[in-house]
Amino acid sequence: MTFMTMQVVTGAVDERVLSRHQKLATLPDATLEQDAIQAIRYELDLPPDERRRRALDRFKAWLQLDRPSARRLAEAFARVSARLDASEQETLAETEEDTVLDGLAFREFQEVASFVPSLAKWRSFADRAPDLGPLPRSLVAALASSRP
């Protein structure tokens, strides 16, 4: 079954962000990766709240794309993220985890976790858990503190 768009987004998606990611999805791999590393470096230079907002905008835009395009973008972002130094990788991973656990409705979280490589460890949780809406902050805190 092929989806034209995923249509699981409950919040508004900035049309400019969506349009940018639609265009990114059509670029050749090398150009896509150049743009992805620039976007990540820009995000890393932002204060934490703004960084989470940008990551949330990115994920919500990906949720509006067809699955192959969203997966392609997520994989390109993962490839370039692997080139960052360890502290940058950790900051980015924490930002993305905080974003999906605190900024997305549960259905959105399930969908994003299904195709974003950096969220692979959350897939089994997303698959087993009932659709409860946004995760309670106490659960987010408990899950975050249970990291190895």
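Keep in mind that what you see is a predicted model, and the values were worked out from it rather than measured. Heavy-atom basis, side chains included; hydrogens, waters and symmetry copies ignored.
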Inset, instruction - Using modelled atom types only, decide if a donor and an acceptor are shared between the side chain of Ser81 and the backbone of Phe77 within a distance under 3.5 Å. - result: yes
Legend entry - Beyond-backbone contact of Thr91 with Arg51, side-chain heavy atoms, under 4.5 angstrom: yes
Legend entry - Heavy-atom closest contact (Ala25 atom, Ser69 atom, distance): CB-CB, 3.8 Å
Inset, instruction - Establish whether Leu56 and Val17 are linked, either directly or via other cluster members, by ILVMFWY side-chain heavy-atom contacts under 4.5 Å. - result: no
Legend entry - Atom pair NZ/CD of Lys60 and Gln64 - distance to nearest 0.5 Å: 9.5 Å
Legend entry - Glu111 (side chain) donor-acceptor with Leu63 (main chain) under 3.5 angstrom: no
Inset, instruction - Check for a donor-acceptor pair, side chain of Glu33 on one end and backbone N or O of Ala76 on the other, with a separation under 3.5 Å. - result: no
Inset, instruction - Considering only NZ, NE, NH1 and NH2 on the basic side and carboxylate oxygens on the acidic side, decide whether Asp57 and Arg53 come within less than 4.0 Å. - result: yes
Legend entry - Derivation and outcome, salt bridge (charged side-chain N to carboxylate O under 4.0 Å, His left out), residues Arg72 and Glu75: CA-CA 5 Å; Arg72 182 170 181 261; Glu75 289 172 354; over 6 Å; no
Legend entry - Distance in Å, Ile40 CD1 paired with Asp45 CG, rounded so as to fall on 0.5 Å steps: 12.0 Å
Inset, instruction - Indicate the atoms forming the closest heavy-atom contact of Thr26 with Lys23, along with that distance. - result: OG1-O, 2.7 Å
Inset, instruction - Search all heavy atoms of Ile37 against all heavy atoms of Val80 and return the closest pair with its distance. - result: CD1-O, 3.7 Å
Inset, instruction - Spell out, as yes or no, whether a donor-acceptor pair under 3.5 Å connects the side chain of Glu108 to the backbone of Ala105. - result: yes
Inset, instruction - For Leu104 and Val100, run side-chain contact (heavy atoms from CB on, under 4.5 Å): C-alpha distance rounded to whole Å, both residues' side-chain angles, the deciding distance at 0.1 Å, then the answer. - result: CA-CA 5 Å; Leu104 296 177; Val100 298; 3.7 Å; yes
Inset, instruction - Just say parallel, tilted or perpendicular for the rings of Phe106 and Phe109, cut-offs at 30° and 60°. - result: tilted
Legend entry - Working for side-chain contact (heavy atoms from CB on, under 4.5 Å), residues Gln38 and Arg41: CA-CA 5 Å; Gln38 288 174 346; Arg41 291 216 178 273; 5.9 Å; no
Inset, instruction - Work out which heavy atom in Leu92 is nearest to a heavy atom in Leu44; give both atom names and the distance. - result: N-CD2, 4.1 Å
Legend entry - Verdict with supporting geometry, Leu65 and Leu18, side-chain contact (heavy atoms from CB on, under 4.5 Å): CA-CA 8 Å; Leu65 301 176; Leu18 177 58; 4.1 Å; yes
Inset, instruction - List the steps and the verdict of side-chain contact (heavy atoms from CB on, under 4.5 Å) for Thr95 and Arg54. - result: CA-CA 10 Å; Thr95 298; Arg54 295 282 298 213; over 6 Å; no
Legend entry - Charged N-O contact under 4.0 Å between Arg52 and Glu96: no
Legend entry - Shortest non-hydrogen contact between Ala39 and Arg20, atoms and distance: CB-NH2, 4.2 Å
Inset, instruction - Can you label the angle between the Trp62 ring and the His21 ring as parallel, tilted or perpendicular, going by 30° and 60°? - result: perpendicular
